[in-house]
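Shown next, in structure tokens, is the structure this report addresses.
Note that this is a predicted model, so its numbers are computed, not measured.
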Amino acid sequence: MKELLYPTKWLSKASAGDRVACELRMQIISGLIESGTILSENKLAADFNVSRSPIREALKTLASENLIRLERMGAVVIGFTMKEIVEIYDVRLLIETFVYERLVKLDNSSLVKELNKILEMMNIAIKYHDADEFAYQDVLFHETIIRAIDHSYIMMIWNNAKPVMEAFILLAMRARFEEKYDDFPRIIENHQLYIDAIEAKNRDLMILSLHQNFDDVQVKVEDLWRSQQMLAKGVVQEQ
């Protein structure tokens, strides 16, 4: 089997179906499996060395994320485009704007401590050139902020978007570590601004921190998209 794109250390407690879904999601989002490709249950079962049951479970998950379309002949890959990336960040911006408004009314002292810990882990990941760990901590940073308001329906929306978002962030950060490593101090500063805004309960600072983070992503998303696809395809070409 080809080298896996999804970090195996993140899958220690995952079911066989989840493992397959995580890897196929990464391959589809990276462009390794192209739009229009027909996925066969039998071939996937052989590739992943599992029975057809986990494959069916994985395909059902990916269909719910609109990455594939289930048909009689097999699963047809719909693919992933820049439009989907922009829409994911639109959802994140909507969620985090709402969350910030709630945080103004809460005691955020324990949240600030937790975010500072995560930010330290992000710095360590940069020091050791660990793109996967940085991506993990980056997602955790934002999820910790969202969890702080204890809103079950907001969490539902976040959890639905998270698998695809996590896969893109993983691929994008790997590309950034390869090509734009010197950009990470600025990314850390942006996250520090989040913490400062939450601690100060300063709406203007919150708006600034949101725009610095999300505008930055929107502007660079085309570069990230192109470079992460090339990086992912390089994994296969080197085999």
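The closest donor-acceptor contact from the side chain of Thr144 to the backbone of Leu140 lies under 3.5 Å. Although no hydrogens or angles enter the test, the distance criterion places no donor-acceptor pair under 3.5 Å between the side chain of Asp18 and the main chain of Ala14. Within the 3.5 Å criterion, the main-chain N or O of Leu103 finds a donor-acceptor partner in the side chain of Asn108. Of the possible polar contacts, one joining the His191 side chain to the Ile187 backbone as a donor-acceptor pair under 3.5 Å is found. At distances below 3.5 Å, not a single donor-acceptor pair connects side-chain atoms of Glu178 with backbone N or O atoms of Ala175.
Partner of Ile95 under the side-chain contact (heavy atoms from CB on, under 4.5 Å) criterion, out of Asp90, Ile145, Ile146: Ile146 alone.
Of the N and O atoms on the side chains of Gln192 and Asp196, at least one donor lies less than 3.5 Å from an acceptor on the other residue. For the 3.5 Å distance criterion, the side chains of Gln27 and Ser30 fail to qualify, holding no donor opposite an acceptor. For His142 and Arg92, the side-chain atoms include at least one donor-acceptor pair closer than 3.5 Å.
The environment of Tyr136 atom OH is sparse: at most 12 non-hydrogen atoms of other residues, nucleotides or ligands sit within 6.0 angstrom. The 12-atom threshold is not exceeded at CD of Glu120, counting heavy atoms of other residues, nucleotides or ligands nearer than 6.0 Å.
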message: Using side-chain contact (heavy atoms from CB on, under 4.5 Å), reason through Ile85 and Tyr89 one step at a time and then give a plain yes or no.
response: CA-CA 6 Å; Ile85 298 169; Tyr89 280 95; 4.0 Å; yes
message: Glu179 vs Arg174, test: side-chain contact (heavy atoms from CB on, under 4.5 Å). Steps then yes/no.
response: CA-CA 9 Å; Glu179 299 170 8; Arg174 286 174 186 171; over 6 Å; no
message: For Glu101 and Arg203: C-alpha separation, side-chain torsions, deciding distance, then whether side-chain contact (heavy atoms from CB on, under 4.5 Å) applies.
response: CA-CA 8 Å; Glu101 285 301 317; Arg203 277 193 173 87; 3.0 Å; yes
task: Let me see the working for Thr37 and Leu39 under side-chain contact (heavy atoms from CB on, under 4.5 Å), right down to the final yes or no.
output: CA-CA 6 Å; Thr37 302; Leu39 302 175; 4.2 Å; yes
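Using a 4.0 Å cut-off between charged nitrogen and carboxylate oxygen, Lys162 and Glu166 do not count as a salt-bridge pair. Salt bridge absent: Glu23 and Arg19 never bring a charged side-chain N and a carboxylate O closer than 4.0 Å. Using a cut-off of 4.0 Å between Lys/Arg side-chain N and Asp/Glu carboxylate O, Arg69 and Glu71 are scored as salt-bridged. For Glu114 and Lys117, the salt-bridge test passes: some basic side-chain N is under 4.0 Å from an acidic carboxylate O.
Annotation: side chain of Asp130 is not in contact with side chain of Phe177 (no heavy-atom distance under 4.5 Å). Looking at Val20 and Leu44, their side chains never come closer than 4.5 Å, going by heavy atoms from C-beta outward. No side-chain heavy atom of Tyr128 sits less than 4.5 Å from a side-chain heavy atom of Asn123. For the pair Phe98/Leu94, no side-chain contact is recorded, criterion being any heavy-atom separation below 4.5 Å from C-beta on.
Nearest heavy atom pair, residue Ala58 against residue Gly17, reads CB-O, 3.4 Å. Here the shortest heavy-atom pairing between Leu170 and Pro7 reads CD1-CD, 3.6 Å. The nearest pair of heavy atoms linking Val77 to Ile68 is CA-CG2, 4.1 Å. Contact between Ser209 and Ala197 at its shortest, heavy atoms only, is OG-CB, 4.2 Å. Nearest heavy atom pair, residue Ala148 against residue Leu106, reads O-CD1, 4.0 Å.
At a threshold of 4.5 Å between side-chain heavy atoms, the hydrophobic network of Ile, Leu, Val, Met, Phe, Trp and Tyr places Ile207 and Tyr100 in two separate groups. Val76 and Ile78 fall into different hydrophobic clusters, where Ile, Leu, Val, Met, Phe, Trp and Tyr residues are linked whenever their side-chain heavy atoms come under 4.5 Å apart, directly or through other members. Met122 is not connected to Ile124 by any chain of hydrophobic side-chain contacts under 4.5 Å among Ile, Leu, Val, Met, Phe, Trp and Tyr, and they are in different clusters. Hydrophobic clustering places Ile29 together with Phe48 (ILVMFWY residues linked when any side-chain heavy atoms are closer than 4.5 Å, directly or through intermediates). One hydrophobic cluster, built from ILVMFWY side chains closer than 4.5 Å, holds both Tyr194 and Ile149.
Residue Ile157 holds its CD1 atom at 8.0 Å from NE2 of His151, rounded to the nearest 0.5 Å. The line from CZ of Arg176 to CD1 of Ile126 is 10.5 Å long, rounded to the nearest 0.5 Å. Remark: Ile169 CD1 to Asp138 CG distance equals 5.5 Å, nearest 0.5 Å. One distance of note links CD of Glu84 with CE of Met165; it measures 15.0 Å at 0.5 Å rounding. To the nearest 0.5 Å, the span separating CZ on Arg25 from CG on Leu62 amounts to 6.0 Å. Cys22 contributes atom SG, which lies 12.0 Å from atom CG of Leu5 (distance to the nearest 0.5 angstrom).
In terms of the side-chain hydrogen bond (donor to acceptor under 3.5 Å, both in side chains) criterion, residue partners of Arg56 (sequence neighbours excluded) are, by chain and number, Glu41. Qualifying side-chain hydrogen bond (donor to acceptor under 3.5 Å, both in side chains) partners for Asp107, counting only residues two or more places apart in sequence or in other chains: Ser109.
Classification of the Tyr181-Phe184 ring pair by plane angle, with boundaries at 30° and 60°, yields tilted.
When hydrophobic side chains of Ile, Leu, Val, Met, Phe, Trp and Tyr are connected at separations under 4.5 Å, Leu205 ends up clustered with Leu193, Leu208.
Between Phe141 and Phe134, the ring centre distance reaches or exceeds 6.0 Å.
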